[in-house]
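Below is one structure, written out as structure tokens; comments come after it.
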Amino acid sequence: MDWAIRYHPLAEEELARLDGSVRKIVLKGIVKVSANPKPQNEGGYGKPLGNKGGNDLTGLLKIKFRDIGIRVVYRLIEDAKTHEMYILVISVRSDNEVYDLAGKRK
């Protein structure tokens with residue numbers, strides 16, 4: 001079961017600002033992870049975040065694109081009717097900036 005993908009308004013802007021080839025890689029990765037976005041310890045693709053750079057990001061997950069230096073931070077929204085992957089941040093990992101942004105948008 002694929003999860004619905006929804007973007008924070010600022011994450012949509014961040015995605016739009018990416019170079020076309022980088023955007024294509026990121027979108028392909030997000031779609032792949034949406035097939036099973038749960039944490040890796042539950043058999044999914046997501047890498048759980050805890051405390052990063054002084055930000056409590058417990059409950060958030062990330063996708064790492066090592067070759068292009070991009071991180072996608074998301075939260076899962078799950079109940080009886082909804083299975084949603086909510087993208088909070090799409091950014092480079094320079095000096096924990098992506099984690100600072102995620103802490104503010106959480």
Side-chain angles (χ1 to χ4, degrees):
M1 168 191 66
D2 284 354
W3 290 53
I5 302 169
R6 195 165 55 100
Y7 294 85
H8 185 283
L10 295 174
E12 276 188 305
E13 291 176 17
E14 292 160 352
L15 181 62
R17 283 195 303 263
L18 293 175
D19 178 67
S21 60
V22 172
R23 185 180 321 118
K24 192 181 280 189
I25 293 167
V26 170
L27 286 171
K28 186 176 179 180
I30 290 170
V31 169
K32 176 184 176 185
V33 170
S34 74
N36 190 355
K38 291 197 173 208
Q40 290 176 332
N41 63 356
E42 294 180 33
Y45 290 111
K47 294 182 174 112
L49 294 170
N51 288 313
K52 293 278 188 186
N55 294 299
D56 181 12
L57 304 177
T58 305
L60 301 181
L61 299 124
K62 72 177 174 183
I63 307 168
K64 286 171 50 173
F65 295 91
R66 280 177 283 193
D67 294 345
I68 56 176
I70 298 287
R71 301 291 182 270
V72 174
V73 177
Y74 65 95
R75 173 178 57 204
L76 296 179
I77 301 170
E78 183 177 19
D79 60 32
K81 298 178 188 174
T82 306
H83 288 77
E84 187 173 84
M85 184 177 164
Y86 186 63
I87 309 292
L88 292 167
V89 180
I90 301 172
S91 184
V92 295
R93 190 185 169 253
S94 63
D95 297 329
N96 287 324
E97 176 186 350
V98 68
Y99 305 122
D100 292 339
L101 290 171
K104 291 175 187 171
R105 295 180 193 171
K106 183 178 169 186

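Keep in mind that the numbers below use all heavy atoms, side chains included, and drop hydrogens, waters and symmetry copies. Counting begins at 1 with the first residue of the sequence.
- Linking ILVMFWY residues whenever their side-chain heavy atoms come closer than 4.5 Å, directly or via other members, places F65 and V33 in the same cluster.
- Among all heavy-atom pairs drawn from L101 and E14, the shortest one is CD1-OE2, 4.0 Å.
- In this structure, K32 places its NZ atom where only 12 or fewer heavy-atom neighbours from other residues, nucleotides or ligands lie under 6.0 Å away.
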>> With side chain to side chain contact (heavy atoms under 4.5 Å, CB included) as the criterion, how do L49 and N55 come out once you've worked through the C-alpha distance, each side chain's angles and the decisive distance to 0.1 Å?
In response: CA-CA 10 Å; L49 294 170; N55 294 299; over 6 Å; no
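- Here the side chains of R71 and V89 are not in contact, with every heavy-atom distance at 4.5 Å or above.
- Between L61 and the options L76, V72, V73, a side-chain contact (heavy atoms from CB on, under 4.5 Å) holds for only L76.
- By the criterion of side-chain heavy atoms lying less than 4.5 angstrom apart, applied directly or through intervening Ile, Leu, Val, Met, Phe, Trp or Tyr residues, L18 is not grouped with L10; the two fall into different hydrophobic clusters.
- Y74 places a side-chain N or O within donor-acceptor distance of the main-chain N or O of P37, the cut-off being under 3.5 Å.
- Annotation: side chain of V98 is not in contact with side chain of K62 (no heavy-atom distance under 4.5 Å).
- The minimum heavy-atom distance linking W3 with M85 is given by the pair CE3-N, 4.2 Å.
- With L60 as the partner, the side-chain contact (heavy atoms from CB on, under 4.5 Å) test is satisfied by one option alone out of T58, D56, L57: L57.
- Atom CD1 of I63 is separated from atom NZ of K47 by 9.0 Å, given to the nearest 0.5 angstrom.
- Minimum heavy-atom separation, V22 to I70: CG1-CG1, 4.3 Å.
- By the 6.0 Å contact criterion, CG on D67 is open, its count of non-hydrogen atoms from other residues, nucleotides or ligands being 12 or less.
- Rounding to the nearest 0.5 Å gives a distance of 9.0 Å between CD of E84 and CZ of R75.
- Tracing side-chain contacts under 4.5 Å through hydrophobic residues (I, L, V, M, F, W, Y), one reaches I90 starting from Y45; they form part of the same cluster.
- In this structure, OH in Y86 is found 7.5 Å from CD1 in I77, a value given to the nearest 0.5 Å.
- For the atom pair CD1 (I5) and CD1 (I30), the distance works out to 6.5 Å, reported to the nearest 0.5 Å.
- Side chain of N36 to main chain of G43: a donor-acceptor pair is present (N/O by atom type, distance under 3.5 Å, no hydrogens or angles).
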